[in-house]
Undergrad: 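Got a structure for you, questions after.
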Amino acid sequence: MIQQIKSNYNKKFKICPEYQKMIDTVKDKIMSGELNPGDLLRSESFLSAEFNLSQPNVTRGLAVLKNEGYIFSIAGKGNYVGKKNSDPYELYFDELITLEKKYDEIKITEVNLIRPNNEICAHLKIHCSKLVVRIKRVYMDEKSAKIFEIIYAPYYRGMPIVEREINYSEFPEKVAAKKNTNPMTKKLHIKAGVVNGEVRRIFNANAGDAVLIVEQKKIDDRNHPITWSRLYFYGEVNKLSAVASL
């Protein structure tokens with residue numbers, strides 16, 4: 001009976017191809033800066049094993065990425081990340097301007113040293129045995145949470161883990177100073193999401209409510225991440241603005 005229901009569902013609705021997860025993963029890595037133009041992709045046999053796909057499905061997925069301009073092939077060498085296509089729009093994002101808006105209250109809900117998971121280690125390019133500083137803030141307006149912010153930074157011996165030393169406008173620069181770096185580069189990854197878990201509780205939101213997520217990585221002149229942060233915008237602050245010069 002279950003098989004019959006599944007069969008009828010598949011006939012009625014278009015199901016994503018098996019290789020869609022591979023396509024989405026490669027796109028996410030390119031858009032987040034984990035993969036850069038000119039980088040060599042893993043071999044087709046590696047992708048087949050990583051995503052549990054047959055060789056023909058890997059080939060189909062790569063063909064989609066080529067057609068959309070994300071990658072290109074060189075015969076006998078492999079698949080490479082292509083130059084990102086860009087529209088003539090410039091998006092200006094400065095979290096200091098965004099967060100310096102006059103909110104009724106800014107709550108620091110957590111300042112802790114943690115053992116990072118694999119995702120945090122990958123973004124900060126550190127070994128998972130290293131400690132990481134995690135800071136959480138909630139920006140309140142009219143007694144409700146509007147923005148939830150989480151910052152991660154590698155911990156260095158002697159770094160003060162106290163609130164007065166981690167005012168948002170100073171914290172990344174303090175980490176940079178500890179590492180004796182030059183001015184930082186910022187990389188953004190902006191996406192829409194759905195509230196769940198801690199984020200849902202913070203915003204007192206309903207299941208399925210939308211949230212705008214801005215991930216930001218601050219990088220030193222040696223291409224080493226200084227901080228990685230995630231900002232969740234809920235409600236009327238959930239929007240983007242851009243300008244084009246044509």
Side-chain angles (χ1 to χ4, degrees), residues 1-91 93 116-126 128 185-197 199 207-217 219 223 225 228 230-232 238 240 242 244:
M1 183 65 176
I2 293 175
Q3 286 294 103
Q4 184 62 42
I5 293 172
K6 183 177 179 182
S7 176
N8 292 340
Y9 180 87
N10 289 345
K11 289 176 183 177
K12 186 175 181 180
F13 298 98
K14 183 179 179 181
I15 305 301
C16 290
E18 294 179 15
Y19 48 82
Q20 187 63 50
K21 182 179 179 181
M22 184 192 79
I23 292 173
D24 292 340
T25 299
V26 173
K27 286 182 179 180
D28 285 346
K29 288 183 177 181
I30 292 172
M31 298 308 294
S32 68
E34 185 176 342
L35 289 173
N36 295 299
D39 285 353
L40 177 65
L41 261 62
R42 298 282 194 172
S43 67
E44 293 192 20
S45 59
F46 184 94
L47 293 172
S48 176
E50 181 179 5
F51 294 100
N52 194 27
L53 294 172
S54 65
Q55 193 70 31
N57 272 333
V58 171
T59 302
R60 292 185 188 104
L62 292 173
V64 172
L65 290 166
K66 289 175 192 174
N67 290 337
E68 295 183 3
Y70 285 93
I71 66 172
F72 64 93
S73 297
I74 298 179
K77 292 188 176 181
N79 298 295
Y80 294 81
V81 177
K83 186 176 180 180
K84 295 178 187 176
N85 294 325
S86 58
D87 296 324
Y89 288 88
E90 180 177 304
L91 175 66
F93 177 82
N117 59 26
N118 291 334
E119 180 186 27
I120 297 169
C121 294
H123 280 289
L124 293 178
K125 294 185 179 179
I126 59 172
C128 286
T185 298
K186 297 179 183 180
K187 289 186 177 181
L188 293 181
H189 185 201
I190 301 172
K191 59 186 178 182
V194 176
V195 294
N196 56 49
V199 177
D209 280 359
V211 64
L212 180 68
I213 305 168
V214 177
E215 294 181 353
Q216 181 172 226
K217 192 180 294 184
I219 303 167
N223 202 34
W228 175 56
R230 187 175 276 161
L231 287 160
Y232 297 88
N238 182 348
L240 291 174

Undergrad: Which value, rounded to the nearest 0.5 Å, describes the distance between Cys128 atom SG and Asn117 atom CG?
TA: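 Between atom SG of Cys128 and atom CG of Asn117 there are 7.5 Å.
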
Undergrad: Crowded around Asn118 CG? As in, over 12 foreign heavy atoms under 6.0 Å?
TA: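 It does not: Asn118 CG has 12 such atoms or fewer within range.
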
Undergrad: Sub-3.5 Å donor-acceptor pair from the side chain of Thr25 to the main-chain atoms of Lys21, do we have one?
TA: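 Yes, because the side chain of Thr25 sits within donor-acceptor range (under 3.5 Å) of the backbone of Lys21.
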
Undergrad: If you take all heavy atoms of Ile126 and Pro116, which pair is closest and at what distance?
TA: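 So the two residues come closest at CD1-CG, 4.3 Å.
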
Undergrad: What's the spacing between Asn57 CG and Leu47 CG if we round to 0.5 Å?
TA: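 Between atom CG of Asn57 and atom CG of Leu47 there are 12.5 Å.
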
Undergrad: Does Leu62 reach the side chain of Met22, with side-chain heavy atoms less than 4.5 Å apart?
TA: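 Leu62 vs Met22: side chains touch.
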
Undergrad: Below 4.5 Å, heavy atoms only, C-beta onward: do Ser73 and Lys66 meet side chain to side chain?
TA: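 A side-chain contact under 4.5 Å exists here.
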
Undergrad: Tell me the closest heavy-atom pair linking Lys187 and Gly33, and the distance in Å.
TA: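 Here Lys187 and Gly33 meet closest at NZ-O, 3.8 Å.
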
Undergrad: Can you measure from NZ (Lys191) to CZ (Arg230) and round to the nearest 0.5 angstrom?
TA: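 So the NZ of Lys191 and the CZ of Arg230 are separated by 5.5 Å.
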
Undergrad: Is the shortest side-chain heavy-atom distance between Tyr19 and Val64 below 4.5 Å?
TA: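 Yes - at least one pair of side-chain heavy atoms lies under 4.5 Å apart.
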
Undergrad: Could you please spell out the steps behind the side chain to side chain contact (heavy atoms under 4.5 Å, CB included) verdict for Leu65 and Ile23?
TA: CA-CA 7 Å; Leu65 290 166; Ile23 292 173; 3.9 Å; yes

Undergrad: I need the Leu231 CG to Gln216 CD distance, nearest 0.5 Å.
TA: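 Between Leu231 CG and Gln216 CD, I get 7.5 Å after rounding to 0.5 Å.
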
Undergrad: Taking 4.0 angstrom as the limit, do Arg60 and Glu18 come out as a salt bridge?
TA: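 No, this pair does not count.
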
Undergrad: At their closest point, which heavy atom of Pro225 faces which heavy atom of His123, and how far apart are they?
TA: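 For Pro225 versus His123, the nearest heavy atoms are CG-O, 3.2 Å.
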
Undergrad: Run the numbers on Lys27 and Glu68 for side chain to side chain contact (heavy atoms under 4.5 Å, CB included), then give the verdict.
TA: CA-CA 10 Å; Lys27 286 182 179 180; Glu68 295 183 3; 2.6 Å; yes

Undergrad: Under the 3.5 angstrom rule, does the side chain of Ser48 hit a backbone N or O of Leu53 as a donor-acceptor pair?
TA: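 Yes.
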
Undergrad: Measuring from Leu188:CG to Lys217:NZ, what's the distance to the nearest 0.5 Å?
TA: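 Going from the CG atom of Leu188 to the NZ atom of Lys217 covers 11.5 Å.
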
Undergrad: Residues in side-chain contact (heavy atoms from CB on, under 4.5 Å) with Tyr80, at least two apart?
TA: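 Tyr80 satisfies side-chain contact (heavy atoms from CB on, under 4.5 Å) with Leu40, Phe72, Ile74, Lys77 once adjacent residues are dropped.
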
Undergrad: Hey, does Tyr70 have a side-chain heavy atom less than 4.5 Å from the side chain of Lys29?
TA: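 Not touching, per the 4.5 Å side-chain cut-off.
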
Undergrad: Backbone N or O of Asn36 within a donor-acceptor pair of the Asp39 side chain at under 3.5 Å?
TA: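 Yes; judged by distance alone, with no hydrogens or angles, the pair exists.
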
